[in-house]
Amino acid sequence: MPEVIEKFYSLKELWKKLPKLPVDRKYLAGGTDLIVGYNLGISSNECYLDISDIRELNLVRENKKQVFIGAGVKLAELGKNSLIKRWVPALYDCVPHFASSSLRNMATLGGNLANASPSADGVCALAASRAWVLLNLYGKRESKPVLSVLKGPKKNALKKDQIIEGFIVPKKRHKAVFLKLISRAKFGIGKVGICVCADIEKKFVKDINVVLSSVAPTVFEAKKTSSILKYSYLTAKIVEKASETIRTEVSPISDIRSAQDYRREMCGVLLERALRYIA
Amino acid sequence: MKKYLLKCQVNGKNIEREIRPDKTLLEFIREDLGLTGTKEGCGEGECGACLDLLDGRAVNSCLMMAAQAHGKKIITIEGLRDEKNPLIDSFAKEAAVQCGFCIPGFIIKAEELLSENPEATDDEIKESLAGNLCRCTGYKNIIKAVGKVRKKCLK
């Protein structure tokens, strides 16, 4: 249990106070994963750092080429944001599938990435949108592709005290669709999630990115499948070939939610549905 | 253990308390303030029994540390009762309450919805309440009770 809890309102304040705080510390944003662990007795750090009200992490802004999404912006806000709707349609489409509306009032994209769940819906949508993550450690910033931060189930590649400041999404007109196969609608962890972002004109695929969740150790980019579809016309034959490929590309497991074979089969089915919606 | 000085507003009253850093918002509301209308169900954010309004947004108080509420305005079911919120009467009139354990969470969530969308459709009500569980399975009357408080029904 935390012996110390500190709240911060700016990154400057955080970096200034950090050296004086206990070394065994966790960063607390939405809390929808961390506090579940705390309530179950799994997470037991000496110090919690509440970063949920840090100004820099709570912005959505744009410039000519990119949209910046602060890591601490609540998902419910993203689901109402006109910039997200216009430039990050995958994320906009994903938000209603993300847990319940009360949890969306709390959960953040930064937490979704840091938690590194194989079933992370928000990460799936960001990766399909070719987002980059902006990291910050004592004011030193670096950016990298979103999926490069994931190392395995619940394992991320963040350095100690490295903060996820936000996400950078290139402004490029495209269509997107997010589909999720789940037992209890609007709630819980999916059996399979798929997000497809594509630039398609008269059935010709100029560009496409297919990303899946819950079917690999991390959220997973189906590169072989995307390469089959790119620069092709969406004919029945090509869709069938892509659907067969995606079944071989994923590596699902059997668990309490679903069986391996069913998940594999549904990856193909969901891809076909997604392409039908998006074409 | 370093105590945290929590300043917030609960049901319109300014509160200033030194709290243990390991307290969840749910524990603070129930144990420190004695407002036991907010319930603990699953402790994992899946049942919605612990919902309170934080700056107008329904949040699962079991998944927030109390310190996170610093500087915020909290409304609990007691706050809605004190202001004679029509949802409370409607739940009684429509026989939407069985054992009653989940009802504060449902009312808090419905209050958030109707504040934002006073003419919510039945589908929007269902969607909004999807994160609340009633073990007595009285959903039909709950949705009816919320529907009766829509702007057009109150005219």
Against chain B, label [X] side chain, backbone, both or neither, depending on which of its atoms sit under 4.5 Å from a heavy atom there.
| X | result |
| --- | --- |
| A:Leu40 | side chain |
| A:Asp33 | neither |
| A:Ala29 | backbone |

(request) Is it possible for you to check whether A:Arg104 lies under 6.0 Å from the centre of the six-membered ring of A:Phe98, through NZ or CZ, and within 45° of that ring's axis? (result)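 Checked: cation-pi criterion not met.
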
(request) Describe, in one word, how the ring planes of B:Phe106 and B:Tyr139 are oriented to each other, choosing from parallel (under 30°), tilted (30 to 60°) and perpendicular (over 60°). (result)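 Correct class here is perpendicular.
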
(request) Just say parallel, tilted or perpendicular for the rings of A:Phe178 and A:His97, cut-offs at 30° and 60°. (result) tilted

(request) Carefully, step by step, assess B:Arg150 and B:Asp122 under the rule salt bridge (charged side-chain N to carboxylate O under 4.0 Å, His left out). (result) CA-CA 10 Å; B:Arg150 281 180 286 215; B:Asp122 281 355; 3.0 Å; yes

(request) Heavy-atom distances under 4.5 Å only: say whether B:Leu26 touches chain A with side chain, backbone, both or neither. (result)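 Neither part.
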
(request) Please flag which part of B:Lys72 lies under 4.5 Å from any non-hydrogen atom of chain A: side chain, backbone, both or neither. (result)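 Side chain only.
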
Backbone of [Y] reached by a side-chain donor or acceptor of [X] within 3.5 Å:
| X | Y | answer |
| --- | --- | --- |
| B:Arg30 | B:Glu27 | no |
| A:Arg263 | A:Val192 | no |
| A:Arg25 | A:Pro22 | yes |

(message) Within residues 13-25 of chain B, which residues come under 4.5 Å of chain A, heavy atom to heavy atom?
(response) B:Arg20, B:Pro21, B:Asp22, B:Thr24

(request) Starting from the C-alpha separation in whole Å, work towards a yes-or-no answer on salt bridge (charged side-chain N to carboxylate O under 4.0 Å, His left out) for B:Glu94 and B:Lys148. (result) CA-CA 9 Å; B:Glu94 297 302 325; B:Lys148 288 277 168 89; 3.2 Å; yes

(request) For each of A:Asp53, A:Leu34, A:Ile5, tally heavy-atom pairs with chain B at distances under 4.5 Å, and name the one with the top tally. (result)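 Result: the option with the highest number of such pairs is A:Ile5.
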
(request) Could you point out which residue of B:Lys109, B:Glu127, B:Glu112 forms a side chain to side chain donor-acceptor pair (under 3.5 Å) with A:Ser101? (result)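 With A:Ser101 as partner, side chain to side chain donor-acceptor pair (under 3.5 Å) holds for just one option, B:Lys109.
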
(message) For the interface with chain A, which of B:Asn60, B:Val59, B:Leu113 has the highest count of heavy-atom pairs at distances below 4.5 Å?
(response) B:Asn60

